[in-house]
Amino acid sequence: MRLATWNVNSLRSRIERVEAFVQRHDVDVLALQETKAREEQLPLMGLQSLGYEVASVGYSQWNGVALLSRVGLEDVQVGFEGMPGYGDPVAPEARAIGAVCGGVRVWSLYVPNGRKPDDPHYVYKLDWLARLREASRSWLGEDTALVGDWNIAPLDSDVFDIEQFRRSTHVTPPERAAFQGFLDDGYAEVTREHAPGYTYWDYYRQRFERDRGLKIDFVLGSPGLAARTTGAFIDRDERAGTGASDHAPVVVDLAD
DNA sequence: ATGGTGGGTTTCCCA
């Protein structure tokens, strides 16, 4: 089974790229983040005609998540136990959607950005991660994949210039501790060893052309899922050219 | 410290 995760930065503006991507790489399950659309806005007939079932949730113009699967899409859940997934009742947010696809429970996650370390959204980010961690402990016994845009760079080498991030989110000790917590519980990040390099590059200052990016998109697998991982890669080609998302897709192969 | 680009319900907000 081939599983991929991609922060598409608007599914409507990227639909042709998404359709080409799943065909080019023969993807079975694709987790999308920052779909930036409500379900009824999405033009997904093309994907459905390619054999994919679709589940999506989105409310605002800056988030939303989706799952595409051609190996079954069962027991769809929005949010996770203990955390509805709608963080702010004033500005509803959709940051987690999960389903059982081909026997694997896949969660497409869009971890809050946090904005600034002294911003309330930063506190919300840590709280959200703590609630996800609490819920995710009960999924360790199944083949579970927590995939998406974690908005955390676990290592200094995951940032093109760590000095520039001294006072920024994504690299603070509490965020890194939150990420490490999942590993302490028994999850394993399964892409890094196969797929070095960044997954996100800012649009401006030619960051991609100069390879000045961040590694913030990850696939965390339960022990059962991690044991099935045979390889992974980052599709940097998808970040190139006009009309690209600012994130590249991350692809993982799992043994049957 | 600032600004750069690209998405969205676009003359502002978000990443």
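Per chain, numbering begins at 1; letters A, B, ... match sequence-line order.
Counting to the nearest Å, the C1' atom of dC14(B) and the NE2 atom of His121(A) are 10 Å from each other. One atom, CZ of Arg38(A), and another, P of dG8(B), lie 12 Å apart when rounded to the nearest Å. Rounded to whole Å, the distance from CZ on Arg239(A) to P on dT5(B) is 13 Å. The distance from atom OH of Tyr124(A) to atom C1' of dC14(B) is 14 Å, rounded to the nearest whole Å. The interatomic distance linking Ile15(A) (CD1) with dG7(B) (C1') rounds to 16 Å, in whole Å. Separating the OH atom of Tyr204(A) from the P atom of dG6(B) is a distance of 11 Å, rounded to the nearest angstrom. Tyr200(A) places its OH atom 10 Å from the C1' atom of dG6(B), with the value rounded to the nearest Å. Atom CZ of Arg166(A) is separated from atom C1' of dA1(B) by 18 Å (rounded to the nearest Å).
For the P atoms, the distance from dG8(B) to dA15(B) is 15 Å, rounded to whole Å. dC13(B) and dA1(B) have their P atoms separated by 23 Å, with the value rounded to a whole Å. Distance noted for atom P between dT10(B) and dG3(B): 25 Å (whole Å). To the nearest whole angstrom, the two P atoms, one in dT9(B) and one in dC14(B), are 15 Å apart.
For Gln41(A) and dT9(B), the shortest distance from a side-chain N or O to OP1 or OP2 is below 4.0 Å. Phosphate proximity of dG7(B) to Arg14(A): present, with a side-chain N or O under 4.0 Å from OP1 or OP2. Of the side-chain N and O atoms in Arg205(A), none sit less than 4.0 angstrom from OP1 or OP2 of dG3(B). Residue Arg115(A) places at least one side-chain N or O closer than 4.0 Å to OP1 or OP2 of dC14(B). The shortest distance between the side-chain N/O atoms of Arg12(A) and the OP1/OP2 oxygens of dT9(B) is below 4.0 Å.
Exactly one of Val8(A), Val22(A), Val54(A) qualifies for a side chain to side chain contact (heavy atoms under 4.5 Å, CB included) with Leu30(A). That residue is Val22(A).
By the ring-ring contact (aromatic ring centres under 6.0 Å, His included) test, His194(A) is found to be paired with no residue, residues two or more places apart in sequence or in another chain being considered.
Listed candidates were dG7(B), dA15(B), dT5(B). Nearest to the side chain of Asn113(A) is dA15(B).
Checking His170(A) against Gln164(A), the closest nucleotide of DNA chain B that is more toward the 5' end is the one next to Gln164(A). Residue order along DNA chain B, read from the 5' end via each residue's closest nucleotide, puts Tyr203(A) first among Glu34(A) and Tyr203(A).
In DNA chain B, runs of at least 3 consecutive Watson-Crick or G-U pairs, each pair with both distances below 3.5 Å, span B:5-7 with B:13-15.
Taking OH from Tyr122(A) and OG1 from Thr169(A), the interatomic distance works out to 8.5 Å, rounded to the nearest 0.5 Å.
At the heavy-atom level, Phe208(A) lies nowhere under 4.0 Å from the strands shown.
When only modelled atom types and interatomic distance are considered, Tyr110(A) and Thr35(A) share no side-chain donor-acceptor pair under 3.5 Å.
Sparse packing is recorded around CZ of Arg167(A), with 12 or fewer heavy atoms of other residues, nucleotides or ligands lying under 6.0 Å away.
Taking the centre of each ring, Phe208(A) and Tyr203(A) stay at or above the 6.0 Å mark. The six-membered or imidazole ring of Phe182(A) lies near that of Trp150(A), with a centre-to-centre distance under 6.0 Å.
Taking each heavy atom of Ile216(A) and Ala153(A) in turn, the nearest pair found is CG2-N, 4.0 Å.
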